[in-house]
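Below: one structure, written as structure tokens.
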Amino acid sequence: MNKIISCNNLKKSFYIKNKTLNVLNDISFDIEKGKTTSIVGESGSGKSTIANIIAGLLKPTSGRVFFENLSIFDNTSVNKASFVKATFDKRKVFRKNIQMIFQDPYLSLNPKMRVLDIILEPLKIHEKFSKEKLLKIADDILQKVNLSSTVKKRFSHQLSGGQRQRVAIARAIILNPKFIILDEPLSSLDVSIASGIINLLIDLQKNLGLTYLFISHDLKVVKYISDSVSVLYMGKFLEKAKTNQIFSNPLHPYTQALIESSFTFRKNQTKILLNSEIPSLLDPPKGCLFSTRCPFAKKICFDARPELKEIEKDHFVACHLVKDASNTFGRAKTTSSSL
Ligand code: SF4
């Protein structure tokens with residue numbers, strides 16, 4: 001795999017009144033260059049924490065993150081001065097190449113700035129261009145995101161939701177980044193507007209060679225846009241696979257429940273319902289994290305935590321009862337296209 005991002009043994013804990021909240025529990029994963037990797041899971045599973053760590057907005061409690069071969073959180077140098085300089089130089093490279101698009105463009109765009117200033121701000125920090133050159137780049141970028149140049153003088157509150165998210169995309173791509181984190185970028189948009197944004201993101205990826213980390217709880221969009229999918233639950237991956245494998249043969253009961261709650265199935269399909277709450281991170285189950293909600297839980301599930309195992313090529317599952325790809329817990333296999 002040609003990796004652009006590697007996360008190794010990431011842990012993130014928060015401390016509340018002498019109690020420890022482990023939001024990420026020792027997770028490792030790679031993101032392939034030029035592809036879209038999605039992370040799915042319920043609210044509180046740790047999706048946005050991963051996004052914020054990779055974007056450099058949050059420091060992990062332990063573990064390392066690499067952008068290409070550059071360690072983003074590296075504090076091992078004994079020479080403080082060179083460490084500070086190295087960190088500054090490294091940060092500049094990584095800030096230029098890793099961009100993030102947030103859930104709500106109404107909140108992520110500065111309401112006191114005009115569109116022109118919003119999209120040019122990153123460029124002014126990283127490059128020294130003449131005013132004419134900046135205006136030319138701004139016009140080109142607006143064209144790339146299908147916005148008329150007449151929006152340049154407007155403030156964000158004078159734009160529609162779709163226009164605002166296009167401005168956020170323009171700001172993210174203006175530095176020619178290699179990698180973009182999309183943190184629920186469609187959830188504040190109407191369906192018709194969202195489909196236009198999805199197609200724009202796909203076109204930009206094709207034309208600019210971008211790599212995406214797509215974070216969402218909307219599995220229909222995930223299925224459409226992703227090359228691979230990782231399922232996160234209480235800060236641990238329960239299943240990881242290529243998109244087609246996840247949707248045609250989900251092996252973990254939690255993945256099955258998520259998919260079945262998003263798509264309509266035939267009458268005789270076994271349905272796993274997520275009808276109880278996700279446990280508190282302050283008091284997680286000792287064994288399998290999903291054991292308190294899993295209809296198939298056995299004694300071993302309450303005693304020991306299953307680790308991710310490769311069940312078939314590129315398909316990893318953390319479940320004591322899944323020994324091979326034919327164990328579907330009574331759920332008939334389906335073709336990905338029939339969903
Ligand atoms: Fe369910 Fe046990 Fe598998 Fe966990 S390990 S998902 S509790 S069957």
Side-chain angles (χ1 to χ4, degrees), residues 4 34-36 48 51-52 54-57 67 92-216 221 224-225:
I4 191 164
K35 306 280 185 194
T36 299
S48 293
N52 287 329
I54 297 177
L57 302 175
F67 165 70
K92 212 170 170 197
V93 172
F94 124 85
R95 289 254 177 254
K96 194 172 171 186
N97 280 295
I98 299 182
Q99 297 291 323
M100 190 158 172
I101 295 169
F102 297 90
Q103 180 172 353
D104 188 348
Y106 198 70
L107 298 175
S108 69
L109 302 179
N110 188 333
K112 292 183 178 169
M113 289 171 76
R114 294 182 192 272
V115 168
L116 182 66
D117 298 320
I118 290 172
I119 58 175
L120 287 180
E121 191 180 28
L123 205 56
K124 287 178 183 168
I125 293 168
H126 284 266
E127 311 284 355
K128 291 203 182 340
F129 289 138
S130 66
K131 202 175 168 192
E132 293 71 35
K133 173 111 181 165
L134 287 172
L135 287 173
K136 166 88 179 65
I137 293 172
D139 282 336
D140 288 349
I141 284 291
L142 287 174
Q143 207 177 3
K144 276 193 180 121
V145 298
N146 303 329
L147 279 176
S148 146
S149 63
T150 56
V151 301
K152 279 191 295 194
K153 290 197 173 136
R154 293 194 204 154
F155 292 98
S156 64
H157 70 269
Q158 295 172 312
L159 305 173
S160 68
Q163 285 176 321
R164 276 197 286 270
Q165 200 56 302
R166 284 171 196 270
V167 170
I169 294 170
R171 180 179 59 179
I173 62 171
I174 201 158
L175 288 171
N176 288 321
K178 294 181 178 174
F179 176 65
I180 297 185
I181 300 165
L182 302 152
D183 189 3
E184 303 270 11
L186 310 170
S187 53
S188 65
L189 304 175
D190 294 340
V191 177
S192 58
I193 306 291
S195 67
I197 297 290
I198 294 170
N199 290 328
L200 172 65
L201 290 170
I202 291 172
D203 287 346
L204 289 173
Q205 182 173 46
K206 228 182 279 167
N207 298 335
L208 307 177
L210 294 167
T211 304
Y212 291 146
L213 173 63
F214 189 73
I215 293 190
S216 180
V221 178
Y224 184 67
I225 201 171

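Here the structure is a predicted model, which means the values were calculated and not measured.
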SB check Asp104 Arg164 (cutoff 4.0 Å): no
Thinking salt bridges, do Lys144 and Asp140 make one under a 4.0 Å N-O criterion?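 Salt bridge flag = no for Asp140 with Lys144.
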For Ile197, which of Asn146, Val221, Ile101, Leu189 qualifies under side chain to side chain contact (heavy atoms under 4.5 Å, CB included)?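 For Ile197, the side chain to side chain contact (heavy atoms under 4.5 Å, CB included) check succeeds only for Leu189.
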In this structure, which one of Ile118, Leu116, Asp117 forms a side chain to side chain contact (heavy atoms under 4.5 Å, CB included) with Leu120? Leu116
What are the two closest non-hydrogen atoms of [X] and [Y], and how far apart are they?
X	Y	result
Lys92	His126	O-CE1, 3.7 Å
Pro177	Leu210	O-CD2, 3.2 Å
Phe155	Met113	CD2-O, 3.5 Å

Walk me through it: do Phe214 and Ile198 pass the test side chain to side chain contact (heavy atoms under 4.5 Å, CB included)? CA-CA 11 Å; Phe214 189 73; Ile198 294 170; over 6 Å; no
Which residue pairs satisfy the side chain to side chain donor-acceptor pair (under 3.5 Å) criterion with at least one member in residues 201-213, sequence neighbours excluded? Thr36-Gln205
Could you tell me the separation between the [atom1] atom of [X] and the [atom2] atom of [Y], rounded to the nearest 0.5 Å?
X	Y	atom1	atom2	answer
Leu109	Leu159	CG	CG	8.0 Å
Ile225	Asn199	CD1	CG	9.0 Å
Phe179	Met100	CZ	CE	9.5 Å
Leu57	Ile181	CG	CD1	7.5 Å
Ser130	Lys136	OG	NZ	12.0 Å
Ile119	Ile137	CD1	CD1	10.0 Å

What do you reckon, is [atom1] of [X] surrounded by more than 12 foreign heavy atoms closer than 6.0 Å?
X	atom1	value
Lys133	NZ	no
Phe129	CZ	yes
Glu127	CD	yes

Apply side chain to side chain contact (heavy atoms under 4.5 Å, CB included) to the pair Leu213 and Leu182, showing each step before the final yes or no. CA-CA 6 Å; Leu213 173 63; Leu182 302 152; over 6 Å; no
Do Gln99 and Ile173 pass the side chain to side chain contact (heavy atoms under 4.5 Å, CB included) test, and can you show the C-alpha distance, the side-chain angles, and the key distance before you say yes or no? CA-CA 8 Å; Gln99 297 291 323; Ile173 62 171; over 6 Å; no
Checking Gln103 side chain against Ser187 main chain: does a donor-acceptor pair fall under 3.5 Å?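 Between the backbone of Ser187 and the side chain of Gln103 there is no qualifying donor-acceptor contact (under 3.5 Å).
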